[in-house]
Amino acid sequence: MSTSALFLVVLLTGITLVVAGLGMALLLSPKSFNAQKEEPYECGVPTHGTSWMQFKVGYYLYAILYLMFDVETIFLFPWATVVRQLGWPGLYCILFFILILGLGLAYAWKKGALKWK
C-alpha cells in the first residue's frame, strides 16, 4: 500500500469515527428544553445587566505573563531528558535560556506588570 493510500485510509477512518461519535451522541443523548437552560451561567450567580463590561488590563497582563513563562518552562523538560548527552554546551545553552527568562521577568517586574492594583 502506498503512503498516499495509507494516509487516505487513516483520514477517512478518522472522519468516520468523529461523525459516528457525534451522530450517536446526538441521537442517544437526553433532551429537555426550558428557558433557564438557555441563560448564561457564571459561578452560580444570575447575570444582571449586559455581559459586555470592561475588565482591568491587569487581568490580561497577568494571564499573558503566566502563559509566557508557563510555555517557556515546558521547554526545560525535553532538555532535562537529554542533559547527559548534551554535556557542557547544552548546559551553557540552557543557562542562557534561563538568563533570558530572568531578564524578561525582571523587565516585567520593573515595568510594574506584577503589581496588583
### Task
Check whether any side-chain N or O of Lys31 sits under 3.5 Å from a backbone N or O of Leu26 as a donor-acceptor pair, and report yes or no.
yes

With rounding to the nearest 0.5 angstrom, report the [atom1] to [atom2] distance, [X] to [Y].
{"X": "Leu27", "Y": "Leu22", "atom1": "CG", "atom2": "CG", "result": "11.0 Å"}
{"X": "Glu72", "Y": "Leu105", "atom1": "CD", "atom2": "CG", "result": "10.5 Å"}
{"X": "Thr13", "Y": "Leu8", "atom1": "OG1", "atom2": "CG", "result": "9.0 Å"}

## Note on the structure
Hits for side chain to side chain donor-acceptor pair (under 3.5 Å) against Ser29, two or more places apart or cross-chain, chain-then-number order -> none

Any chain of hydrophobic side-chain contacts (each under 4.5 Å) joining [X] to [Y]?
{"X": "Val82", "Y": "Ile94", "value": "yes"}
{"X": "Leu76", "Y": "Leu103", "value": "no"}
{"X": "Ile100", "Y": "Tyr92", "value": "no"}
{"X": "Ile64", "Y": "Phe69", "value": "no"}

### Task
May I ask you to list the residues sharing a hydrophobic cluster with Met24, side-chain cutoff 4.5 Å, ordered by chain and number?
Leu28

#### Entry: Members sharing Leu11's hydrophobic cluster (side chains within less than 4.5 Å)
Phe7, Ile15, Val19

### Query
Can you tell which of Leu99, Leu95, Leu101 makes a side-chain contact (heavy atoms from CB on, under 4.5 Å) with Phe97?
Leu101

### Message
Are more than 12 heavy atoms, taken from residues, nucleotides or ligands other than Trp79, located less than 6.0 Å from that residue's CH2 atom?
### Response
yes

